[in-house]
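Letters A, B, ... are given to chains in the order of the sequence lines, protein chains preceding strands, and every chain is numbered from 1.
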Amino acid sequence: MDAADRQALVTRYTEEVVTEPELGELLADGDPSVYIGYAPTGEMHIGHFTTIRKLADFLRAGLDVTVLIADLHAHLDDEKSPYELLNARSRYYQAATEAMVAAAGADPEAIEFVRGTDFQLSEEYALGLYRTAAETTLARSRRAASEVVRESDSPTVGGLFYPLMQSLDVRALEADIAYGGIDQRGIYMLARELLPEHGWHAPACVFAPLLSGLSGGKMSASEADSKVNLTDDREAIEEKIGGAYCPAGERADNGVLEYLEYLVFPVLAERGERFVIERPEEYGGDLVYEAYEPLEEAFLDGRLHPADLKPAVAAAVDEVIAPVRATLTDRPELLAEAYPETYGDD
RNA sequence: CCGCCCUUAGCUCAGCCCGGUAGAGCAGCCGACUGUAGAUCGGCUUGUCCCCCGUUCAAAUCGGGGAGGGCGGACCA
């Protein structure tokens with residue numbers, strides 16, 4: 001694979017790359033390392049899946065991929081996860097992530113998993129935290145974290161440590177590239193400022209888009225119907241996608257199209273399969289697409305109606321998620337221990 | 001350590017002073033209209049009123065105790 005192909009593979013389906021030339025240099029020098037961190041908080045969903053699917057691209061491009069299960073971060077962020085549940089949730093996150101990587105057609109064994117507390121308790125790391133804490137203003141830290149850390153009437157200091165620690169993670173994991181959703185942008189821009197003053201280079205950044213919620217607007221963790229969960233069965237998926245905001249001919253805030261572009265088509269391509277839409281003769285009969293772009297074109301033109309599209313998307317999403325769902329069903333203790341209130345032993 | 005404030009529907013809150021077993025907005029659900037959804041109309045649901053004890057015929061409301069949360073003061077050798 002030549003340099004241009006590698007760069008295209010690394011940057012496809014992304015929201016932003018900071019910066020393309022930096023990324024080009026890293027790829028020219030060899031096989032750079034890339035990392036993404038997930039704070040094991042609420043249940044993983046289809047949004048995680050899209051960012052994880054891209055790890056398959058990274059692996060294929062020859063990058064060293066590390067997934068950080070940022071357990072402490074999950075607690076620092078307004079105690080989203082109780083301290084006592086960090087281990088259980090970390091186990092669940094790693095297992096679910098591995099299942100998604102496999103479902104995306106890549107080898108989970110090729111990815112290195114690291115737990116935050118594996119290195120964040122070291123003297124060196126702690127000293128780095130104290131020093132960056134001294135150098136960073138409250139306003140700067142708050143601004144960096146604003147898109148990630150939960151807003152609260154009574155914010156804790158933990159939310160201020162959060163972006164500092166994430167910056168230090170880049171160095172501790174010796175990552176050349178920091179990868180994450182575009183909501184992570186503020187934090188990695190801070191990391192790019194801080195790290196050069198602490199004996200490390202500024203990371204290049206690759207940002208994935210955040211999927212729109214199915215009920216319009218942003219995807220919300222508190223809104224069950226706004227997203228497809230990994231545990232949703234076929235029926236639940238059909239119901240959610242069937243009820244999704246999806247104005248004919250419009251792309252803005254259209255989660256249904258985004259599911260196709262960022263998850264369904266990439267996975268189908270990996271498997272060499274095509275996307276089939278069953279449509280009544282009265283509306284023109286069945287359709288088959290090999291790529292997303294022509295489908296979007298037809299949708300924007302009005303040649304493809306949402307009512308015909310939705311059932312096909314639901315079926316495809318169900319197929320993509322099925323092996324992940326199976327893993328979670330086969331190992332019920334993962335969810336039961338991570339979320340005892342929801343899946344508690346009965 | 002001291003003082004003050006808050007806790008009522010999924011969310012934000014009103015009601016408490018002057019006891020009569022609970023309301024609004026938003027959300028949600030169901031219909032109508034669209035070949036989906038949304039928007040727009042029409043309709044509907046929801047509550048250990050933080051917990052315990054007491055006063056009373058009757059307590060979200062009054063009294064006492066407790067829990068959780070917030071704010072401020074004091075201490076600054």
**Asked** How far, in whole Å, is B/U40 from B/G20 if one measures between their C1' atoms?
**Response** 42 Å
**Request:** Fit a plane to each ring of A/Y188 and A/Y35, take the angle between them on a 0 to 90° scale, and name the class: parallel (under 30°), tilted (30 to 60°) or perpendicular (over 60°).
**Result:** perpendicular
**Item:** Partner nucleotide of B/U36 by Watson-Crick or wobble geometry (both distances under 3.5 Å)
**Value:** none
**Message:** Roughly how many Å apart are B/A32 and B/A39, using the C1' atom of each and rounding to a whole number?
**Reply:** 14 Å
**Item:** For B/C62, the Watson-Crick or wobble partner whose two distances fall under 3.5 Å
**Value:** B/G54
**Prompt:** Considering only the C1' atoms, how many Å lie between B/C50 and B/C6, rounded to the nearest integer?
**Reply:** 11 Å
**Interatomic distance at P, B/U61 relative to B/U7, whole Å** = 12 Å
**Prompt:** Is A/S141 reaching over with its side chain to a backbone N or O of A/L160, donor-acceptor style, under 3.5 angstrom?
**Reply:** yes
**Pair partner, B/C75 [Watson-Crick or wobble, under 3.5 Å]** = none
**Asked** Got A/Y179 and A/F207 here, is their nearest side-chain heavy-atom distance under 4.5 Å?
**Response** no
**Message:** Return the pairing partner of B/C4 with a 3.5 Å limit on both distances, Watson-Crick or G-U wobble; otherwise return none.
**Reply:** B/G70
**Distance, P atom - from B/C17 to B/C62, rounded to whole angstrom** = 5 Å
**Complete:** RNA chain B: first to last nucleotide in contact with chain A (atom under 4.0 angstrom from a heavy atom), 5' to 3', is B/C29 to B/G70
**Request:** Both distances under 3.5 Å, Watson-Crick or G-U wobble: report the partner of B/C18, or none.
**Result:** none
**Request:** Provide the Watson-Crick or G-U wobble partner of B/G42, both distances under 3.5 Å; none if there is no partner.
**Result:** B/C30
**Request:** Return yes when atom CZ of A/F161 has more than 12 non-hydrogen atoms of other residues, nucleotides or ligands closer than 6.0 Å, and no otherwise.
**Result:** no
**Asked** Taking atom P in both B/A77 and B/C2, what distance in whole Å separates the two?
**Response** 23 Å
**Request:** Determine the Euclidean distance between corresponding P atoms of B/G66 and B/G25; express it in Å to zero decimal places.
**Result:** 39 Å
**Message:** For the C1' atoms, the ones on B/G42 and on B/C5, what distance do you get once it is rounded to whole angstrom?
**Reply:** 43 Å
**Request:** Tell which nucleotide pairs with B/U48, taking only Watson-Crick or G-U wobble pairs whose two distances are both under 3.5 angstrom.
**Result:** none
**Check: A/A4 main-chain N/O paired with A/D2 side-chain donor or acceptor under 3.5 Å** = yes
**Item:** Over 12 non-hydrogen atoms of neighbours within 6.0 angstrom of CD in A/E278
**Value:** no
**Message:** Please name the nucleotide paired to B/C11 by Watson-Crick or G-U wobble geometry with both distances under 3.5 Å, or report none.
**Reply:** B/G25
**Message:** Would you say that more than 12 heavy atoms from the other residues, nucleotides or ligands in this model lie under 6.0 Å from the CZ of A/R140, or not?
**Reply:** yes
